[in-house]
Amino acid sequence: MSAAERTVDWIVTDLDGTLVGRDLRIVEPSLAALRRFIASGGTVVIATGRSEEAALPYYRTLGLTTPAILYNGARVVDLSTGAVLHRRCLGVAAWAKLTLLFAELPAGVWPVAFTKGHAHTAGSSPALREYARRDGIELGRIGSWGDLPFDDIVKVMLICDRPELMDPTEEAVSAAVSGVTLVRSESTYLEVLPAGATKGTALRELAAAQGVALSAIAAIGDNPNDLDMIQAAGLGAAVGDGAGTVRAAADVVVGPCAEGAVADLVARVLP
């Protein structure tokens, strides 16, 4: 398949709920389609809320050597070498306010802080254990939030026991902490990110650095944290069983994740 038959140069894909199914594996038709896209000379970039540790197995399965957009855009990392290409951290004042707020959050909300490629928590709960299992990561247990470097916090995950805890948690963070970006990446995951950190911002920075026009990029996702990314790309695709807000904003809506959503997108850009 020649490059001339491709209508885009890059495909940027979210992982969970887009490329990766509920069994935590890459959906087979989508994996085969992305390999066909790469063989045609196209570039595949993963864009995820996951950390280096959590994204690496999928990066390796795809055989990628491209930079990865991680932490919902707070980092762009070459996972083949570990080199950080773009970085944002929570401001020192924002992190200090968050640590004070943690004790006041509703019962059933569990903070996880990421720094230097690792996740840390001061608590223990089934929700935390399920989060670690799902992402395939180790949660380091700390005695106090003061044990972490105050100037190198990449993001904070607030893991809620129940979806109805999300609204009061977001309201509490918004009222107490300024200079952050709040993203709902799942029905029970509220992410506190550095100001300006989104997948879309990271994609714009990466494309500019690589000299690739946004019009030559297709991006696909399923949750609100993917909105900015699919709107930044020349072709924005929404997963068929994804959030309604994402489907409404997308240029195209493809099939459900489990049925090969990414494969559907590849079929549109590589006939």
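In what follows, residues are counted from 1 in the order of the sequence shown.
- Leu64 and Val12 fall into different hydrophobic clusters, where Ile, Leu, Val, Met, Phe, Trp and Tyr are joined by side-chain heavy atoms under 4.5 Å apart, directly or via other members.
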request  = Check step by step if side-chain hydrogen bond (donor to acceptor under 3.5 Å, both in side chains) holds for Arg268 and Thr7.
outcome  = CA-CA 8 Å; Arg268 289 174 180 266; Thr7 59; over 6 Å; no
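- A side-chain donor-acceptor contact under 3.5 Å links Glu52 and Tyr71.
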Check residues 246-266 and write down every donor-acceptor pair under 3.5 Å in which the side-chain atom is one partner and the other belongs to a residue at least two apart or another chain.
unit_1: Arg247; atom_1: NE; unit_2: Gly242; atom_2: O; d: 3.1
unit_1: Asp251; atom_1: OD2; unit_2: Gly236; atom_2: N; d: 2.8
unit_1: Asp264; atom_1: OD2; unit_2: Gly255; atom_2: N; d: 2.9

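- Between Asp228 and Lys199 there is no salt bridge, since none of the side-chain N atoms of the basic residue sits less than 4.0 Å from a carboxylate O of the acidic one.
- Using a cutoff of 4.0 Å between basic side-chain nitrogens and carboxylate oxygens, Asp23 and Arg134 are not scored as salt-bridged.
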query = Given the rule in the side-chain hydrogen bond (donor to acceptor under 3.5 Å, both in side chains) test, do Asp151 and Trp95 qualify, once you have shown the distances and angles that lead to the verdict?
reply = CA-CA 8 Å; Asp151 58 350; Trp95 170 241; over 6 Å; no
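- Between Ser80 atom OG and Leu56 atom CG the span is 9.5 Å, to the nearest 0.5 Å.
- The pair Arg184-Glu191 fails the salt-bridge criterion, with no side-chain N (NZ, NE, NH1 or NH2) lying under 4.0 Å from an Asp/Glu carboxylate O.
- A salt bridge links Glu205 with Arg88: the closest approach of a Lys/Arg side-chain nitrogen to an acidic carboxylate oxygen falls below 4.0 angstrom.
- Atom CZ of Phe102 has more than 12 heavy atoms from other residues, nucleotides or ligands within 6.0 Å.
- Arg75 CZ to Phe114 CZ: the interatomic distance, rounded to the nearest 0.5 Å, is 12.0 Å.
- Scanning for side-chain hydrogen bond (donor to acceptor under 3.5 Å, both in side chains) contacts around Asp16 gives Arg50, with sequence neighbours left out.
- Under the ring pair (Phe, Tyr, Trp, His ring centres under 6.0 Å) criterion, no residue pair touches residues 221-271, with sequence neighbours excluded.
- Between the NE2 atom in His118 and the CG atom in Leu148 there is a gap of 12.0 Å [rounded to 0.5 Å].
- Atoms CG and CD1, from Leu15 and Ile46 in turn, are 5.0 Å apart once rounded to the nearest 0.5 Å.
- Side chain to side chain, Asn223 and Ser185 fail the donor-acceptor criterion of an N or O pair below 3.5 Å.
- A salt bridge is absent between Arg141 and Asp147; no separation between the charged side-chain nitrogens and carboxylate oxygens falls under 4.0 Å.
- Follow the hydrophobic side-chain contacts under 4.5 Å out from Val20 and you reach Leu70 in the same cluster.
- From Ser125, atom OG reaches atom CD of Glu130 across 10.5 Å, with rounding to the nearest 0.5 Å.
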